[in-house]
Novice: 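Got a structure here, written out as structure tokens. Questions coming.
Owing to the predicted nature of the structure, the values given are computational and were not obtained by experimental measurement.
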Number of protein chains: 2
Amino acid sequence: MKLITRETDYAMRALVYMARPKNSLVSVAELIKELKFPRPFLRKILQTLKRRRVLKSHKGKRGGFLLARPPEKIFLVDLIGIFQGPIELDECLFKKKLCPDVNVCLLRKKLQKIEAEVVAQLRSISIGSLRDERN
Amino acid sequence: MKLITRETDYAMRALVYMARPKNSLVSVAELIKELKFPRPFLRKILQTLKRRRVLKSHKGKRGGFLLARPPEKIFLVDLIGIFQGPIELDECLFKKKLCPDVNVCLLRKKLQKIEAEVVAQLRSISIGSLRDERN
DNA sequence: GACAAATGATACTAATATGGTATCATTATA
DNA sequence: TATAATGATACCATATTAGTATCATTTGTC
Ligand code: FES
Ligand code: FES
């Protein structure tokens, strides 16, 4: 079972790389040179991040991407939300069918608790913190 | 993102249904009558549980399945292990490639912590506890 | 002993999610 | 105006999940 997919992971690492004091434009060419990700896949990922306002972009020659906000304010949980959908560990697989009572269901309550903890932990991980502790 | 798949969920509910004081044989016919799961799918699931020693079975006419141990000793985390493989939220997606140093990686440490918490919570959920709090 | 009702074993199929490519349009700069 | 970049979008490949189908084996009942 995976908590983060490859897409999320690529996104995260690209963002860590881009989290420079200067916050200048970084092109896909530069990123893949450094990170060795498949180019078109990374392109798609960055375009998604742009659409979701995590990155800004500049088109045309000498264009590229840059962070839309400080790396301390970009959290892993945001990236998971973008690439894997919202975390809903407690979602009931039975919905309308045989589900006894969603509000009373013990299993659901337990899973909700787990989810809350996971999200809290994930919120403590920012691109900034990951960059700072890179070795 | 799902913590438990449908297979795990079906297994869990079937086990809760079977967790009766008497622990007598229950046939697939009875289970699907009560739980409305797809018959061949449930059959496969129960056979897996048998193989993994969560259930015992009795073949032939009037046969069926019964719990191999008390419901208080069957945990959700066991079922996840059987149907979804071991929980490895912290698995590195880069392995040999660009992975800097598995032992130092901050992300990995954080994910390990999350995983430990999730597993601990999951261990507190047994078939017995789920049955007792059913409404 | 024959039949029926159950599980055992196993192979196959369908649907969905994930990982990744390919192509062409648009824009900015030199 | 050529070039180097992103924008948009459609497509393809692989893995996982969900489910079916079939036949063999066992066992209780008449
Ligand atoms: S069965 Fe639906 S919330 Fe528990
Ligand atoms: S990159 Fe491999 S453990 Fe962090």
Novice: Just how far, in rounded Å, is P of D/dA18 from CG of B/Leu42?
Specialist: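 Taking atom P of D/dA18 as the reference, CG of B/Leu42 is at 14 Å.
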Novice: Please classify the nucleic acid contact of A/Pro40 as base, sugar-phosphate, or nothing, using heavy-atom distances under 4.0 Å.
Specialist: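 Base contact - A/Pro40 has a heavy atom under 4.0 Å of at least one base atom.
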Novice: Can you see if the side chain of B/Arg39 gets near the phosphate of D/dG19 - specifically, an N or O under 4.0 Å from OP1 or OP2?
Specialist: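 Answer is no, no contact under 4.0 Å.
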Novice: Does A/Ser129 use its side chain to pair, donor to acceptor, with the backbone of A/Ile125 at less than 3.5 Å?
Specialist: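 Looks like no, no N/O pair under 3.5 Å.
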Novice: Can B/Val119 be reached from B/Leu130 by stepping across I, L, V, M, F, W or Y side chains whose heavy atoms are under 4.5 Å apart?
Specialist: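 Yes: a chain of side-chain contacts under 4.5 Å links B/Leu130 to B/Val119.
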Novice: Under 4.0 Å between any heavy atoms, over every strand shown, what does A/Lys44 touch: base, sugar-phosphate, or nothing? Just pick one.
Specialist: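 Result for A/Lys44 = base.
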Novice: Between A/Asp78 and A/Lys73, does any NZ, NE, NH1 or NH2 come within less than 4.0 Å of an OD or OE carboxylate oxygen?
Specialist: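 No, this pair does not count.
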Novice: For B/Leu46 and C/dG8, what is the distance between atoms CG and P respectively, to the nearest whole Å?
Specialist: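 Spelled out: CG on B/Leu46 to P on C/dG8 is 9 Å.
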Novice: B/Asp9 CG to D/dT17 C1': how many Å, rounded?
Specialist: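 The answer, rounded to whole Å, is 14 Å.
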Novice: Considering only D/dT22, C/dT21, D/dT6, which nucleotide approaches the side chain of B/Arg43 most closely?
Specialist: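 Selected nucleotide: D/dT22.
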Novice: Given C/dG8, C/dT21, C/dT18, which nucleotide is nearest the side-chain atoms of A/Thr5?
Specialist: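 The closest nucleotide is C/dT18.
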Novice: Atom CD of A/Glu30 and atom C1' of D/dT6: how far apart are they, to the nearest Å?
Specialist: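 Result: 15 Å.
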Novice: Name the nucleic acid region contacted by A/Tyr10, choosing base, sugar-phosphate or nothing; use a 4.0 angstrom heavy-atom cut-off, strictly under.
Specialist: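 If one applies the 4.0 Å heavy-atom cut-off, A/Tyr10 turns out to touch the sugar-phosphate alone, with no base involved.
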Novice: Please confirm whether the backbone N or O of B/Leu3 pairs with a side-chain atom of B/Gln84, one donor and one acceptor, at under 3.5 Å?
Specialist: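 Yes, the answer is positive, given that a donor and an acceptor are paired below the 3.5 Å cut-off.
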Novice: Between B/Arg6 (CZ) and D/dT16 (C1'), how many Å, whole number?
Specialist: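 These atoms are roughly 14 Å apart.
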Novice: Let's test your reading of the model: under 3.5 Å, does the base of D/dG7 pair with the side chain of A/Gln47 as donor and acceptor?
Specialist: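 Result: at least one qualifying N/O pair found.
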Novice: Hey, can you pull the residues of residues 55-65 of chain A with a non-hydrogen atom under 4.0 angstrom from DNA chain C?
Specialist: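 Heavy-atom cutoff 4.0 Å gives A/His58, A/Lys59, A/Gly60, A/Lys61.
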Novice: What is the distance, to the nearest angstrom, from the CD1 atom on B/Ile82 to the P atom on D/dT17?
Specialist: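 After rounding, the gap between these two atoms is 15 Å.
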Novice: Grab the CZ-P distance between B/Phe41 and C/dT7 for me, whole Å please.
Specialist: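 It is 17 Å, rounded to the nearest whole Å.
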Novice: For B/Phe83 and for B/Pro38, locate the closest nucleotide of DNA chain D by heavy-atom distance; then report the residue assigned to the nucleotide nearer the 5' terminus.
Specialist: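 Checking each residue's closest nucleotide, the 5'-ward one belongs to B/Phe83.
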Novice: Find the distance between CG (B/Leu46) and CZ (B/Phe37) and round it off to the nearest 0.5 Å.
Specialist: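 Nearest 0.5 Å value for the CG-CZ distance: 10.0 Å.
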Novice: Whole angstroms only, please: what is the CD1-C1' distance between B/Ile45 and D/dT20?
Specialist: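 Whole-Å distance recorded here is 13 Å.
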Novice: Within the side chain of B/Asn23, is there an N or O that forms a donor-acceptor pair under 3.5 Å with the backbone of B/Leu67?
Specialist: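 Yes; at least one donor-acceptor contact below 3.5 Å.
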Novice: Tell me which of A/Val28 and B/Lys2 sits closer to the 5' end of DNA chain D, going by the nucleotide each one is nearest to.
Specialist: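 With A/Val28 and B/Lys2 compared, the 5'-side residue is A/Val28.
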Novice: Could you tell me whether A/Glu72 and A/Arg131 make a salt bridge, using a distance below 4.0 angstrom between a side-chain N and a carboxylate O?
Specialist: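 Salt bridge present between A/Glu72 and A/Arg131.
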